[in-house]
Each structure stands twice: as C-alpha cells, then as structure tokens.
Amino acid sequence: MHIPPHDNQNRAIVDRDHPLVPLVYFNILRLRPGAVFDYRTPGYETCVVPATGTVTVETAGDTFAAIGQRGADVWDGAPEGVYVPQDTGARITALSATEVFIAGARFHETLRPFAVRADQIDVVQYGSDDTKTHRKIKHILGAAYHDRVGRLLVSELYTVGAGGWSGFPSHKHDTDRLPEETRHDECYNFRFRPDYGSGMQMLQREDNLPGEAYHILNGSTVLIDRGYHPCCVLPGYEMYYFTILGGQSQRSLKQFFQPTHAAQVQTIPGIMDMVAKFK
C-alpha cells in the first residue's frame with residue numbers, strides 16, 4: 001500500500017491496530033521551536049528519531065536532552081533516537097524547528113527507556129556499483145539492542161551514489177515458519193536528494209506472477225504486509241528510507257529470498273553481513 005506525501009498534522013500515519021500492518025506504528029511530527037507533543041501508545045513500544053532538528057524526550061521519569069543533531073535533511077549527519085516503552089507517556093519538546101519520526105511495534109511488556117546517540121549507531125555498507133545495489137544502513141535499534149527491545153527494529157537506509165536498487169535480491173517476511181522465515185510487518189518513509197527525485201516500490205505477492213508497483217515521491221509512505229518488495233531510485237538521484245519492522249513472535253528478522261532470484265545473493269558483496277544486523 002502506498003500513502004502519498006501529505007500533511008498528517010501530527011496524527012499517526014499508521015495508527016495502532018492498522019488493518020493491513022497491525023504490528024507497526026508510524027507518525028511524523030513537525031514542531032516549531034519550543035513546541036511540545038505528548039503521546040502514549042498502549043500495546044506498542046516506540047522509538048523517537050528526529051529526521052531533522054533537535055528535541056528533548058521525557059519518559060518514565062528520565063530526561064534525554066538534545067536528541068538529534070541534523071540540519072537541512074536526513075543526509076546531514078547521523079541519526080539519534082530514544083526508546084519509549086509501551087503504554088508509557090512521553091513528552092517531546094522541540095529545541096529547534098524539527099521533523100520527528102515515531103516508529104513503533106506491537107509489544108505488551110514494559111521495558112526501560114534509553115537513548116541511542118550518534119556514536120552508538122551501527123553502520124553497515126554492502127553491495128556494489130557494478131551490481132547497482134550499493135547502499136548504507138544506519139541501525140538505530142538493531143542487533144546491538146536485542147536484549148533491551150521487544151519486537152521493534154528501526155533503521156535508515158541510503159543508496160550509495162545516484163540511482164540503483166535496494167531490497168534485492170527480492171525477499172519477503174510475511175509468515176512465521178522458522179527457521180525459514182518470520183512474520184514482520186514493515187513500513188517505509190522515503191526521501192530523495194534532490195527532493196524532486198523519485199523511484200519505484202515493487203510488491204510481488206507470488207514468485208513469477210505479476211505484482212504491483214508504486215511511484216514513490218519525497219515523503220511517500222509504503223506499507224509492506226506480504227510479498228517480495230525491492231525498490232529503486234531514478235538514475236541521478238539519491239534515495240533514503242526510514243524503516244520500521246515489527247515482529248509477530250520474535251524481534252530477529254528472518255528473510256526468505258525469492259526462489260527465482262535467490263542465487264543473486266552470491267553476486268552482491270556483503271549482503272549476508274547486512275542480513276545478520278536485523279536481529
């Protein structure tokens with residue numbers, strides 16, 4: 001499902017118990033300096049990540065000051081974030097003009113909040129220019145926090161260079177059938193540099209049968225409920241997407257590569273290192 005760019009007026013784009021992707025939650029806040037936003041998400045743990053600007057987050061009696069150091073856009077530095085436990089009130093105070101992502105996953109235990117600073121981001125780069133798959137992933141809630149988070153995985157993905165593919169070889173994660181695959185609902189929010197760039201999100205429900213394709217723009221949100229889902233960006237442009245994964249029975253993601261294209265795993269440098277970070 002493609003949700004076109006729009007002013008959501010600080011209301012959830014993907015609310016709790018969404019009929020298509022009930023395991024994830026997503027909101028975008030746009031706050032002026034000094035503005036305050038309060039929220040609480042029963043049944044969903046969340047992570048507050050400034051796309052741009054700086055905020056202070058107060059939750060569960062803790063104060064995490066000056067989160068986020070990016071200026072003009074998501075390419076302007078490393079991300080930072082704050083983990084907020086489920087059913088726990090949180091207050092976000094904007095210290096500058098800011099755009100804030102709130103990522104969530106269904107989870108019913110209440111853990112402890114913590115901050116992830118720029119120097120704690122887990123970065124992995126894989127692919128190659130030759131295979132048109134060169135990209136960098138900045139894990140905010142990745143393998144390093146496996147014991148401190150319930151079901152939520154949060155990352156930022158960047159194409160390296162202009163043009164190319166991401167999410168290839170095509171894979172899916174829509175069925176709990178370990179050890180081959182896990183059920184993880186997924187949500188993306190895309191950005192392009194320059195911002196008038198665009199790309200395409202494919203969604204192939206069955207191997208070797210025609211699927212769907214969405215024209216994605218700066219600010220597009222895509223919901224992945226099932227199927228194989230590679231995406232690409234036009235030549236001459238860079239692409240970023242904020243990624244939320246929520247697991248049904250476990251946090252670690254087990255991808256199932258599309259049988260027709262699975263052999264391509266052997267052609268893409270570093271791809272198994274990438275897979276290992278979604279734990």
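- Within a 6.0 Å radius of CD in E212, more than 12 heavy atoms belonging to other residues, nucleotides or ligands are found.
- S96 contributes a side-chain N or O that, together with a main-chain N or O of T54, makes up a donor-acceptor pair within less than 3.5 Å.
- With hydrogens and angles disregarded, no donor-acceptor distance shorter than 3.5 Å links the side chain of R183 to the backbone of S249.
- Rounding to the nearest 0.5 Å places CZ of F192 at 7.0 Å from OG of S220.
- Geometrically, R135 does not engage Y240 in a cation-pi contact defined by less than 6.0 Å to the ring centre and at most 45° from the axis.
- Other residues, nucleotides and ligands contribute only 12 or fewer heavy atoms inside 6.0 Å of the CZ atom of R91.
- Looking only at distances, a side-chain donor or acceptor of D174 sits under 3.5 Å from a matching main-chain atom of G227.
- A distance-only check finds a donor-acceptor pair linking the side chain of N27 to the backbone of N10 [under 3.5 Å].
- In terms of heavy-atom proximity, E58 sits nearest to T93 at OE2-OG1, 4.2 Å.
- With hydrogens and angles ignored, the 3.5 Å screen pairs a side-chain donor or acceptor of R40 with a backbone N or O of D87.
- Under the side-chain hydrogen bond (donor to acceptor under 3.5 Å, both in side chains) criterion, E186 pairs with H173, Y188, H229, not counting sequence neighbours.
- Two different hydrophobic clusters hold I28 and Y44 under the rule that ILVMFWY side chains link at heavy-atom gaps under 4.5 Å.
- With sequence neighbours excluded, no residue forms a salt bridge (Lys or Arg N to Asp or Glu O under 4.0 Å) with D195.
- With sequence neighbours left out, the side-chain hydrogen bond (donor to acceptor under 3.5 Å, both in side chains) criterion links T267 to Q264.
- Checked options L141, V57, T59, V116; the residue passing with Y83 is L141 (criterion: side-chain contact (heavy atoms from CB on, under 4.5 Å)).
- Using a cut-off of 4.0 Å between Lys/Arg side-chain N and Asp/Glu carboxylate O, R205 and D225 are scored as salt-bridged.
- Taking 4.0 Å as the cut-off between side-chain N and carboxylate O, R106 and D17 count as a salt-bridged pair.
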